[in-house]
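Here the structure is laid out as structure tokens; the discussion comes afterwards.
Atoms within each ligand, like the ligands themselves, are counted from 1 in listed order.
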Amino acid sequence: MRTQVLGVAFDAVTMPEAVERGMAMLETPEPDYIVTPNPEVVMTCREDAKAAEAVGHASMVLPDGIGIIYGARILGRPLPERVPGADFALGMFSQMAKSGKSVFLLGAKAGVAELAAEKLAAQFPGLRIAGTNDGYFKDDGPVIDRINKAAPDLLLVCLGAPRQEKWMYANRDRLNVRLMAGLGGSLDVYAGVVERAPESWQKLNLEWLYRLKKEPKRLGRMMKLPKFLLCVIGERIREK
Ligand code: UDP
């Protein structure tokens, strides 16, 4: 079942359900891809038809960000819970490790994916790291060749939104992978380059505020959040 929030259709799943579905996608030959929009990405999709098309074709759309959960609630069609992309992938890794499945890490600045790979390999014995590549490349061809040679089960595409969504949609038929997930800044988090909010902040749903405190330059981007909530309220009034 999917829940519409300002034109983006989210899967109404809990974290364990999302991981179960993701694991099932690893068993089918066609290259599925998963997106994890936050309110900022939803607002981008309203202005960028190509981004909306890429998000709309995903096999699973997970609500990353508490704003989406509030938005869905205001619209009267609540989603079960927030499913942050970075946590979703950790859930996948712990299942994948049991059967020796492999992941390729694509994205972030030079050296970050390698560092993330080292940390993930230590955290999930049994998980195979098929390869890494930074996210600052011009030509897709050589990168796609590298990924295809490694033939991973899962490919994390961490190029920032909406580039990563467009990249997965455009290249899905050229890639020899079972599943892709567009996960923004997750490699920075796994590598320890960017600190995740302490659990107490996460529990209070204030992860966004912690990020803003650490990176005040995000304020411009985050101004999309109040706009998002105003649009949601507008839609709610129109739907009544
Ligand atoms: N990035 C990249 N290539 C680019 C632009 C960005 O690999 O051309 C990476 C960037 O280094 C960072 C991630 O994409 O690791 C985007 O992180 P951000 O925190 O902006 O994404 P969010 O999690 O907010 O979607």
Query raised in the report: Short list, please: which atoms of ligand 1 are under 4.0 Å from a heavy atom of G107?
Result: 7 (O)

Query - Donor + acceptor pair across side chains of E195, Y210 (<3.5 Å) - result: yes

Requested in this report: For E199, enumerate each residue passing the side-chain hydrogen bond (donor to acceptor under 3.5 Å, both in side chains) test, keeping only those at least two apart in sequence or located in another chain.
Outcome: none

Query raised in the report: If you measure only the distance, is there a donor-acceptor pair under 3.5 Å linking the side chains of W208 and N38?
Result: no

Requested in this report: With heavy atoms only and a cut-off of under 4.0 Å, state how S186 meets ligand 1: side chain, backbone, both or neither.
Outcome: neither

Report task. Look at ligand 1 and say whether R211 reaches it with a heavy atom at a distance under 4.0 Å. Result -> yes

Report summary line: Those residues at least two apart in sequence (or on a different chain) that pass side-chain hydrogen bond (donor to acceptor under 3.5 Å, both in side chains) with D87 are R196

Report task. Identify the protein heavy atom lying closest to atom 25 (O) of ligand 1, giving its residue, its atom name and the separation to 0.1 Å. Result -> G184 CA, 3.7 Å

Query raised in the report: Is ligand 1 under 4.0 Å from a heavy atom in the side chain of R163, in the backbone, in both, or in neither?
Result: side chain

Query - Identity and separation of the nearest protein heavy atom to atom 16 (C) of ligand 1 - result: G160 CA, 3.7 Å

Report task. Please verify whether a non-hydrogen atom of D188 lies at under 4.0 Å from ligand 1. Result -> yes

Report task. Note the single closest protein heavy atom to atom 3 (N) of ligand 1, along with its residue, its atom name and the distance in Å. Result -> G135 O, 2.7 Å

Query raised in the report: Based purely on interatomic distance, does L183 place a nitrogen or oxygen under 3.5 Å from a nitrogen or oxygen of ligand 1?
Result: no

**Report entry** Distance from atom 7 (O) of ligand 1 to nearest protein heavy atom, with residue and atom
**Finding:** A108 N, 2.9 Å

Query raised in the report: Would you say L159 and F137 make side-chain contact, with heavy atoms under 4.5 Å?
Result: yes

Query raised in the report: Around E20, counting heavy atoms of other residues, nucleotides and ligands shown, do more than 12 lie under 6.0 Å from its CD?
Result: no

Query - Protein contact to atom 20 (O) of ligand 1 [nearest heavy atom, distance to 0.1 Å] - result: R221 NH1, 3.2 Å

Query raised in the report: Taking atom 5 (C) of ligand 1 as the point of reference, which of L187, V189, L159, N133 owns the nearest heavy atom?
Result: L159

Query raised in the report: Among G182, A110, A113, G185, whose heavy atom sits nearest atom 23 (O) of ligand 1?
Result: G185

Report task. Kindly indicate, with the supporting measurements, whether the criterion salt bridge (Lys or Arg N to Asp or Glu O under 4.0 Å) is fulfilled by R2 and D11. Result -> CA-CA 5 Å; R2 285 204 165 172; D11 283 275; 3.1 Å; yes

Requested in this report: Establish, yes or no, whether the cationic atom of R82 lies under 6.0 Å from the six-membered ring centre of F10 and within 45° of the ring axis.
Outcome: no

**Report entry** Heavy-atom nearest neighbour of atom 24 (O) of ligand 1 within options R218, K138, E40
**Finding:** R218

Requested in this report: For the pair E53 and K50, find out whether any cationic side-chain nitrogen is under 4.0 Å from an anionic carboxylate oxygen.
Outcome: no

Report summary line: Looking only at protein heavy atoms, what sits closest to atom 1 (N) of ligand 1 is Y136 OH, 3.2 Å

Requested in this report: Taking the side chain as every heavy atom from C-beta outward, state whether D48 and K166 have any pair of such atoms under 4.5 Å apart.
Outcome: yes

